[in-house]
Structures are given as C-alpha cells and as structure tokens.
Amino acid sequence: MSVSKIYHSVKLEHDKCVGCTTCMKNCPMECIRVRNGKARILYDLCIDCGQCVKHCPYHAKVAQTDPITDIFRYEHRIALPAPSLYGQFRNLHSADNVISALLSLGFNHVFEVARAADIVSATVRKMIKTNPNKPLISSACPAVVNLIKIRFPELLPHLANVLSPMEVAARLAKEEYSKEHGVEIEKIGAFFITPCPAKMASIHEDSKTYVDGVIAIRDIYGLLTSQMKQEVPDEVKNMEHASWRGVNWASFGGEGSALGYSNILSVDGIHSVITVLEEIENGRLSDLEFFEGSSCLGGCLGGSLVFENTYVAKNNLRKLIERMRNREKEEGTAKVVEPRDDIEQYAPFEPREGIKLGGDISEAIEKMEKIKSLTKSFRGLDCGSCGSPTCRALAEDIVQGRATELDCVFKLKEKVEQLAREMVDLTNL
Ligand code: SF4
Ligand code: SF4
C-alpha cells in the first residue's frame with residue numbers, strides 16, 4: 001500500500017463543529033484550538049489517540065478508516081480481528097462465532113490478532129531478560145509510541161523493538177495463506193478490525209506494513225451481530241487458535257500479565273501514562289522491568305472506535321476468558337508459544353518534531369521568554385474561553401501569531417474598561 005510520512009486518521013468535519021471546546025479540554029497533547037467558532041487540530045502534536053473523537057458531542061471529530069467494501073479490491077481477503085472485538089458481544093462461547101461471521105461477510109480467512117499477541121508476549125518475555133534500558137516500554141499502543149516520539153524522545157531506546165500484534169498477524173497470515181493456497185502475497189488483502197484510530201495512522205506511516213486496510217469495530221459490529229445469529233457451520237468450528245492470554249491483551253493490563261513478571265507496571269488513560277513517563281524520564285522507575293501504557297481508559301476495550309461500553313465489554317471478555325481457561329484445563333490444550341527473532345520493528349523508532357518555536361536557538365529562546373512573561377500576565381485560570389486549552393498555550397499562540405492578547409476575555413474586559421475611561425476623559429475635556 002502507498003504511504004505518507006506522517007498520516008493522521010483523526011479529522012474535523014467542519015460543518016458539524018459548533019465550537020463548544022469539549023474536544024480542546026480533553027486533548028492530552030493540548031493541540032486543539034477553537035477560533036471563530038470552529039475547532040482546529042495542530043497536527044504536529046497530534047498522536048491520534050482519539051480522545052477528541054470520543055468526547056465531541058456533535059460527532060464533528062471523526063476517525064478515518066476503511067469501509068468494509070474495500071476488502072473486495074483483493075482476490076483473497078484475510079480478516080485480522082483485534083482481541084477487543086470479542087468483548088463487544090455478550091455470551092460469546094468461543095471466537096468461532098466471530099470468525100464464522102467474518103467469513104460470511106466476504107473474508108476468505110481469519111487470523112486472530114490474539115494469536116500474534118501470544119507470539120509478541122513470548123518475544124518480549126525473552127527481551128526483558130537482556131534489556132539494558134530499564135524499564136522496557138511496551139510498543140503495542142501506537143498512540144503511546146507517538147507520545148514518546150514527540151514528548152519523551154529520550155525514552156525511545158526503552159521501547160520494545162518488536163512489531164505490534166496487528167503487524168505480526170498480518171505478516172504471518174499472508175505467509176501462511178500464500179503457502180497453503182499457492183497464491184502470490186500481492187493478491188492477498190489483510191484488514192485489521194480496529195478499536196482505535198492510531199492503528200490506521202500507524203499503517204499509513206509504515207512503508208513495509210503487511211496491513212492493507214483498517215475497519216472500525218463500530219462500523220462492522222451491526223453486520224457481525226446479524227451474521228452471528230446463524231449457526232456456526234461445522235467446517236468453521238474449532239478455528240479459534242489464540243490463547244486466553246492473547247485475548248486478554250484487549251483489557252488494561254493484559255499485555256503485562258501475559259509476561260509472567262511481577263515487577264511490571266500497567267497504566268491506562270493517556271494522562272496517567274504521561275505522568276509515569278515523566279517518572280521514567282527522571283530515572284525514578286529504573287528498578288521496573290516493564291511498563292505497559294494504554295492511551296485509552298480500560299485498554300483497547302476503551303478505544304474510540306468500539307461499539308460497546310468499556311465496562312460491559314470488559315465483563316463480556318472476562319466471561320469469555322473464563323470459558324477459554326476452563327476449556328484449556330479440561331482439554332489440556334495449553335500451548336507453549338516460542339519467541340521469534342524475526343519480528344523486530346521494520347525501522348528504528350525516530351523522534352517526531354513537535355511545533356518549533358523558531359528557526360534557530362536564539363529565536364527560540366527569545367520566544368520562550370515572551371511566552372513566560374505573557375503567561376504571567378494572564379490570570380492562570382486555564383478557562384479555555386480564549387480558544388486555547390491553557391493560559392500558557394494562549395501565550396504560545398500569541399507568540400506564534402495564532403492568536404492575540406484580546407482573545408483573553410479578561411484582557412478584553414480590561415481593554416474595554418480602559419477605552420470607556422478614555423471616552424469619559426474625552427467627553428470631559
Ligand atoms: S467538541 Fe470540538 S469538534 Fe466537537 S463541536 Fe465541540 S469544538 Fe467542535
Ligand atoms: S486525536 Fe488525541 S492528540 Fe489528536 S487532536 Fe484528538 S485528542 Fe488531541
């Protein structure tokens with residue numbers, strides 16, 4: 001597939017935006033501004049976390065993903081369901097029901113991403129033993145990886161140099177299918193069924209990706225539920241290949257618990273993740289073996305493109321996992337998954353430049369001083385009525401030419417009062 005360097009899945013539908021500022025207040029990167037009644041994203045800082053998509057009450061923030069009809073661009077079609085897809089359905093006895101429904105939508109084959117998650121877990125478990133940069137940081141959540149690239153570039157060497165389960169699944173699925181059916185890889189399309197927009201952005205930035213498209217869980221949910229009312233055909237039964245540990249990756253902490261280490265930390269919610277990354281940056285968590293950060297509260301089950309409420313989905317998944325564990329015990333089918341040396345990232349993690357303050361260091365320092373003194377001159381309420389998320393962000397916007405001091409309601413009030421006084425003085429002359 002064709003790629004661009006930096007791609008963003010999250011977009012604004014201009015006509016739907018009423019300028020309410022809800023998205024601005026919920027953006028963890030402080031990269032939304034609302035001016036002239038419309039929101040605008042400063043894309044240099046956007047990590048495609050989807051928080052604005054989740055919080056916009058007018059559905060003006062959208063995540064661009066692919067329509068299901070795109071799969072028919074390929075002669076051979078593979079579905080890659082994220083483990084979080086299973087959490088969308090109540091009383092799911094096994095993944096077979098979901099696999100069968102995906103096949104009836106036009107896919108020729110289904111490769112569970114949870115199966116690839118098992119492989120990634122085994123590989124990361126091995127990596128931890130020899131990792132020199134403690135803690136090893138999970139590279140599974142693309143929004144967290146983007147956050148590190150922009151705000152914590154010193155932590156890039158801590159990121160686990162392993163492909164995401166989505167990418168491992170796509171590669172193995174195509175290789176296996178090609179071998180089994182004697183089909184050229186180019187004729188196979190692999191489509192990830194995603195809970196979040198950051199996955200869409202990540203495949204567009206990766207020139208070597210094996211993923212050809214990304215379909216939002218909520219776009220496919222209705223079609224799947226109607227197909228799931230049908231009986232699972234015999235030839236589809238026992239297609240479930242992942243372990244319950246792989247499926248558990250969908251929940252917050254699932255990746256960490258699959259590793260079997262006790263000295264790990266799992267954190268959900270991008271604001272909390274930022275706090276922990278600051279601690280790691282300051283060297284205060286160097287005794288930790290592994291850090292797993294999920295941008296969304298509840299892990300992937302809380303993604304902005306899922307259908308079900310996060311807590312209901314968590315409960316659905318818990319019950320499915322219980323059934324899978326019982327089956328594993330009764331049938332003695334626990335699998336040993338081996339680590340792989342051939343699933344390193346295709347390219348090293350590189351820092352991403354945020355917004356530059358100036359062309360050279362002296363200009364940047366000068367602007368920094370102006371920002372400091374302007375910030376001091378504001379009330380520090382971070383009320384957001386100026387259209388910037390904080391007083392400091394407004395100061396930066398003014399220095400960068402994106403706003404004026406009179407965007408601040410208090411400054412405007414002072415100015416109006418001063419003009420009124422001057423008019424009174426003039427009339428008294
Ligand atoms: S939340 Fe943001 S995008 Fe949605 S209407 Fe309000 S300002 Fe516009
Ligand atoms: S996707 Fe996340 S970082 Fe980007 S604008 Fe929305 S809330 Fe901000």
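Computed from a prediction, not measured in an experiment: that's the story for all the values here.
Tyr221 meets the ring pair (Phe, Tyr, Trp, His ring centres under 6.0 Å) test with Phe89, Phe307; sequence neighbours excluded. Taking the side chain to side chain contact (heavy atoms under 4.5 Å, CB included) definition, one finds that Glu13 meets it with Lys16, Val62, sequence neighbours left out. Contacts of Val273 classified as side chain to side chain contact (heavy atoms under 4.5 Å, CB included), with partners at least two apart in sequence or in another chain: Val144, Leu147, Val267, Leu277, Phe291. Evaluation of the salt bridge (Lys or Arg N to Asp or Glu O under 4.0 Å) rule for Arg151 yields Glu278 as partners, not counting sequence neighbours.
Atom CZ of Arg35 has more than 12 heavy atoms from other residues, nucleotides or ligands within 6.0 Å.
Expressed to the nearest 0.5 Å, how far CZ of Phe290 lies from CD1 of Ile128 amounts to 6.0 Å. To the nearest 0.5 Å, the span separating CD on Glu154 from CG on Asn282 amounts to 10.0 Å. Note that CD1 of Ile32 and SG of Cys56 are 9.0 Å apart. Values are rounded to the nearest 0.5 Å. Within the model, atoms NZ of Lys319 and CG of Asn91 stand 5.5 Å from one another, a figure rounded to the nearest 0.5 Å. Atom CG of residue Leu172 and atom OH of residue Tyr210 lie 9.5 Å apart, to the nearest 0.5 angstrom. Between atom OH of residue Tyr86 and atom CG of residue Leu92 there is a gap of 8.5 Å, rounded to the nearest 0.5 Å.
Evaluation of the ring-ring contact (aromatic ring centres under 6.0 Å, His included) test over residues 12-60, restricted to residues two or more places apart or in two chains, returns His8-Tyr43. The list of side chain to side chain donor-acceptor pair (under 3.5 Å) pairs with a residue in residues 246-270, not counting sequence neighbours, reads Ser121-Trp249, Ser138-Glu255, Ser266-Glu292. The stretch residues 298-318 participates, sequence neighbours left out, in these side chain to side chain donor-acceptor pair (under 3.5 Å) pairs: Arg90-Glu308, Asn315-Arg318, Arg318-Glu322. Evaluation of the side chain to side chain donor-acceptor pair (under 3.5 Å) test over residues 155-164, restricted to residues two or more places apart or in two chains, returns none. Within the structure, salt bridge (Lys or Arg N to Asp or Glu O under 4.0 Å) pairs that include any residue of residues 158-170 do not occur (at least two apart or interchain). Pairs of residues two or more places apart, or lying in two chains, that qualify as salt bridge (Lys or Arg N to Asp or Glu O under 4.0 Å) and include a residue from residues 62-72 are Asp70-Arg73. Residue pairs meeting the salt bridge (Lys or Arg N to Asp or Glu O under 4.0 Å) criterion with at least one member in residues 43-56: none, sequence neighbours excluded. Annotation: side chain to side chain donor-acceptor pair (under 3.5 Å) contacts involving residues 372-381, sequence neighbours excluded, comprise Ser377-Lys411.
For the side-chain contact (heavy atoms from CB on, under 4.5 Å) test with Ile137, the passing option among Val145, Ile148, Val276 is Ile148; the others fail. Considering Lys187, His109, Arg77 as possible partners of Tyr177, the one that fulfils the side-chain contact (heavy atoms from CB on, under 4.5 Å) test is His109. For the pairing with Cys141, the side-chain contact (heavy atoms from CB on, under 4.5 Å) check across Ser202, Cys196, Ser295, Cys49 returns one residue only, Ser295.
Looking at Arg171 and Ile343, their side chains come closer than 4.5 Å, going by heavy atoms from C-beta outward. Under the 4.5 Å side-chain criterion, counting only non-hydrogen atoms from C-beta, Lys134 is not in contact with Leu288. Between Pro389 and Cys27, the closest side-chain pair of non-hydrogen atoms is not below 4.5 Å. Side chains of Ser84 and Ile217 form a contact here, defined as non-hydrogen atoms less than 4.5 Å apart.
The backbone N or O of Val162 lies less than 3.5 Å from no partner atom in the side chain of Glu344, so there is not a single donor-acceptor pair. Judged by distance alone, the side chain of Arg33 and the main-chain N or O of Ser388 form no donor-acceptor pair under 3.5 Å. Of the possible polar contacts, none joining the Gln227 side chain to the Ser104 backbone as a donor-acceptor pair under 3.5 Å is found. Formation of a donor-acceptor pair under 3.5 Å by the Thr390 side chain with backbone atoms of Ala393 is found in this model. Between the side chain of Ser9 and the main chain of Gln64, a donor-acceptor pair closer than 3.5 Å is present. In this structure, Asn97 contributes its side chain and Met228 its backbone to no donor-acceptor pair below 3.5 Å.
A donor-acceptor contact closer than 3.5 angstrom is absent between the side chains of Lys174 and Ser178.
Ion pairing of Arg402 with Asp407 is absent here, as no side-chain N (NZ or NE/NH1/NH2) approaches a carboxylate O to less than 4.0 Å. Between Glu363 and Lys367, at least one side-chain N (NZ, or NE/NH1/NH2) sits under 4.0 Å from a carboxylate O, which counts as a salt bridge.
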